[in-house]
Every structure is written in structure tokens, then in C-alpha cells.
Amino acid sequence: MGFISVAVDGPSGAGKSTMAKRLAEALGYVYVDTGAIYRTLGLLARRSGTDPEDAQAVSELLKRADIQLRYEADGLQHMLLSGEDVTAEIRLPEISQYASAVSAQPAVRAFLLDMQRDMAKHFNVIMDGRDIGTVVLPDAQAKIFLTATPEDRASRRCAELEDRGTPQDYETVLAEIVERDRKDSTRAAAPLRRAEDAVLVDTTGKSLDESFAILLDAIRRKLKA
């Protein structure tokens with residue numbers, strides 16, 4: 001019997017990671033946070049002084065990139081960069097733009113594609129990102145496109161940053177989200193778009209519990225179909 005894959009795609013700040021992590025716990029699946037992988041590469045670019053929009057420089061960077069996923073006793077996905085656990089550091093606000101820029105590079109997406117697909121060959125997975133249902137796991141048994149208005153996403157992001165002790169101004173966060181949407185939707189390599197067979201879930205104005213219930217029901221319906 002093959003393994004089951006659930007793809008959760010959507011724009012920045014839609015709550016993909018939060019929801020996918022919780023859904024994985026409810027279903028007993030492995031949660032794969034693909035955004036964390038791109039953030040780790042973004043961190044590597046920043047640390048090495050590499051221009052993340054320079055395709056040739058990024059390609060050279062990939063030749064020495066040592067990135068690993070590890071699941072520890074806390075049940076969370078930890079990211080290792082050359083053996084160093086950078087799980088917390090990759091969530092710093094300044095890494096977001098680096099992650100967005102490197103993820104637009106075709107060489108980067110090709111480099112990470114096998115890593116992501118290999119997880120789905122060995123486990124029942126819930127994988128979140130921007131091109132999971134369209135490129136990484138086009139045959140996933142259940143696909144969700146999770147979204148919310150930019151304003152709603154900015155409010156959530158501000159609350160999250162406040163909780164982490166790295167508060168940012170709402171207008172700044174909103175502008176960054178709008179710009180990230182533009183870049184992710186217009187990039188040449190695997191642009192952000194809803195897969196034709198993905199269930200659209202808009203969580204604008206909904207609580208975490210309400211959003212979770214809607215998503216869990218949608219996935220269960222798809223898996224029974």
C-alpha cells in the first residue's frame with residue numbers, strides 16, 4: 001500500500017505551517033515544512049554574502065550547501081545547516097526576503113525537489129509550500145489552497161512576531177506581504193498558483209480552531225472520495 005500525501009499551498013502568512021503541523025498531529029502524518037528548507041538556503045546566502053537574485057552565485061552556493069531535516073523528540077522539524085541547528089534563526093524577519101529570492105531560482109527548486117519528494121515516498125505526509133500541489137507532489141491525494149486577505153495575514157504575522165519578541169510595524173509587514181505575493185505569483189520557476197484539483201479555503205476572519213476544523217473536514221472528504 002502506498003503512502004498518502006496531503007499538499008497545502010498558499011501565500012505567505014496564510015497560516016500554512018501552523019495548520020499543516022496541527023493537521024499532521026490529528027491525522028498521524030509527518031509534517032514537512034518546505035518553507036523552512038528555503039529559509040535555510042536564504043540564511044546560507046545571507047551569511048555568505050551571496051546575492052540571492054544572482055542565479056550563477058546561488059548555483060555555486062548550492063554546491064557547498066549542507067542542509068538536513070531532522071525530527072526530534074519534540075516532534076518538530078529541525079533544520080540543520082552544516083550540522084548547526086538553525087531552526088530558530090531562519091524565522092527572523094530579515095530571512096524572509098532572502099528565502100523568497102532564492103526560491104525563485106530554478107536551480108534551487110531543482111536542488112530541493114528530490115529531498116521533498118523522497119519524504120513522500122517513505123511516510124504519510126502533509127507538506128506545505130507554494131508549489132506542492134502543482135509541482136512537488138502533483139499526484140497528492142488531497143490538495144488544499146489556503147488563503148486570506150493580505151490585511152488579515154499581516155495582522156496574524158504581527159501577532160506572531162510580537163510573541164517571538166521581534167515586533168514589527170503593521171504597515172511594514174503588510175507591504176512586505178503584498179510584495180512577497182507579487183514575487184511568488186510572477187516568478188518564472190514554479191509560481192504560486194492554485195492546483196486545479198485543490199480545495200480553496202479562505203480563513204479571513206476565522207479563528208485558528210475554525211480554520212482547523214474546515215481544513216480537517218476538507219482533507220477527510222478528499223481522502224474518502
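For the numbers below, each heavy atom of this structure counts, side chains included, while hydrogens, waters and symmetry mates do not.
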Run the numbers on Gln168 and Arg157 for side chain to side chain contact (heavy atoms under 4.5 Å, CB included), then give the verdict. CA-CA 9 Å; Gln168 274 196 307; Arg157 179 66 174 157; 5.9 Å; no

Check against side chain to side chain contact (heavy atoms under 4.5 Å, CB included), Val6 and Leu23: CA-CA 10 Å; Val6 176; Leu23 289 163; over 6 Å; no

Side chain to side chain contact (heavy atoms under 4.5 Å, CB included) assessment of Val108 paired with Tyr38: CA-CA 8 Å; Val108 169; Tyr38 287 103; 3.7 Å; yes

Step by step, work out the side chain to side chain contact (heavy atoms under 4.5 Å, CB included) result for Met79 and Leu69. CA-CA 5 Å; Met79 295 307 305; Leu69 286 77; 4.0 Å; yes

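For the pair Pro52/Gln105, no side-chain contact is recorded, criterion being any heavy-atom separation below 4.5 Å from C-beta on. Residues Leu174 and Val178 are in side-chain contact: their nearest non-hydrogen atoms beyond the backbone lie under 4.5 Å apart. Contact check for Leu215 versus Leu146: side-chain heavy atoms found under the 4.5 Å cut-off. Val32 places none of its side-chain heavy atoms less than 4.5 Å from the side chain of Ile126. At a threshold of 4.5 Å between non-hydrogen side-chain atoms, the residues Asp181 and Arg153 count as touching. Residues Tyr71 and Gln77 form a side-chain contact, since some pair of their non-hydrogen atoms from C-beta on lies under 4.5 Å apart. Side-chain contact between Thr134 and Glu196: absent, with no pair of heavy atoms (C-beta onward) separated by less than 4.5 Å. Side-chain contact between Phe145 and Leu192 is present, with at least one heavy-atom pair separated by less than 4.5 Å.
Residue Tyr98 is not grouped with residue Phe111 when hydrophobic side chains (ILVMFWY) are merged at heavy-atom distances under 4.5 angstrom, including chains of intermediate members. No continuous path of ILVMFWY side-chain contacts below 4.5 Å connects Tyr31 to Leu208, so the two sit in separate hydrophobic clusters. Note on Val102: it does not cluster hydrophobically with Leu80, by side-chain heavy-atom contacts below 4.5 Å among ILVMFWY residues. Tracing side-chain contacts under 4.5 Å through hydrophobic residues (I, L, V, M, F, W, Y), one reaches Leu92 starting from Leu43; they form part of the same cluster. No single ILVMFWY cluster, assembled from side-chain heavy atoms under 4.5 Å apart, contains both Tyr29 and Met115.
The main-chain N or O of Ala14 is found under 3.5 Å from a side-chain atom of Arg156 such that the two form a donor-acceptor pair. Formation of a donor-acceptor pair under 3.5 Å by the Lys143 side chain with backbone atoms of Pro138 is found in this model. Thr50 places no side-chain N or O within donor-acceptor distance of the main-chain N or O of Ala57, the cut-off being under 3.5 Å. When atom types are taken as modelled, the side chain of Lys206 and the backbone of Ser211 share no donor-acceptor pair closer than 3.5 angstrom. Looking only at distances, no side-chain donor or acceptor of Asp128 sits under 3.5 Å from a matching main-chain atom of Val8. Listed for the Arg180 side chain is no donor-acceptor partner under 3.5 Å among the backbone atoms of Gln97. Between the side chain of Arg117 and the backbone N or O of Ala120, no donor-acceptor pair lies under 3.5 Å. Between the Ser48 side chain and the Ala45 main chain, a donor and an acceptor come within less than 3.5 Å of each other.
Nearest heavy atom pair, residue Glu53 against residue Ala101, reads CG-CB, 3.9 Å. Listed here is the closest heavy atom pair of Arg130 and Pro11: NH2-C, 4.2 Å. Pairing each heavy atom of Asp9 with each of Ile132, the nearest pair is OD1-N, 2.8 Å. Considering all non-hydrogen atoms of both residues, Gly10 and Lys16 come closest at O-NZ, 3.1 Å. In plain terms, the two heavy atoms of Arg187 and Asp184 that are nearest each other are NH1-OD1, 3.4 Å. Counting all heavy atoms, side chain and backbone alike, Ile90 lies closest to Ala36 at CD1-O, 3.6 Å.
A side-chain hydrogen bond (donor to acceptor under 3.5 Å, both in side chains) with Arg39 is found for one member of Ser100, Ser96, Ser103 and no other, namely Ser96.
To the nearest 0.5 Å, atom CE of residue Met119 and atom CG of residue Asn124 are 11.5 Å apart. The CG atom of Leu223 lies 10.0 Å from the OG atom of Ser5; values are rounded to the nearest 0.5 Å. If you take CG on Leu44 and CG on Leu62, they are separated by 8.5 Å, rounding to the nearest 0.5 Å. Ile4 contributes atom CD1, which lies 15.0 Å from atom CZ of Phe123 (distance to the nearest 0.5 angstrom). Here Leu161 contributes atom CG and Thr166 contributes atom OG1; the two are 4.5 Å apart, rounded to the nearest 0.5 Å. Taking OG1 from Thr34 and CG from Leu112, the interatomic distance works out to 9.0 Å, rounded to the nearest 0.5 Å.
Geometrically, Arg22 engages Phe212 in a cation-pi contact, judged by NZ or CZ lying under 6.0 Å from the ring centre and within 45° of the ring axis.
Taking the charged nitrogens against the carboxylate oxygens, Glu25 and Lys21 have no contact shorter than 4.0 Å, which rules out a salt bridge. With salt bridges taken as basic N to acidic carboxylate O contacts below 4.0 Å, none links Arg46 and Glu89.
A donor and an acceptor atom, one from each side chain of Ser17 and Arg91, are nowhere located under 3.5 Å apart. A side-chain donor-acceptor contact under 3.5 Å links Asp85 and Thr87.
Around CD of Glu94, the count of heavy atoms belonging to other residues, nucleotides or ligands within 6.0 Å exceeds 12.
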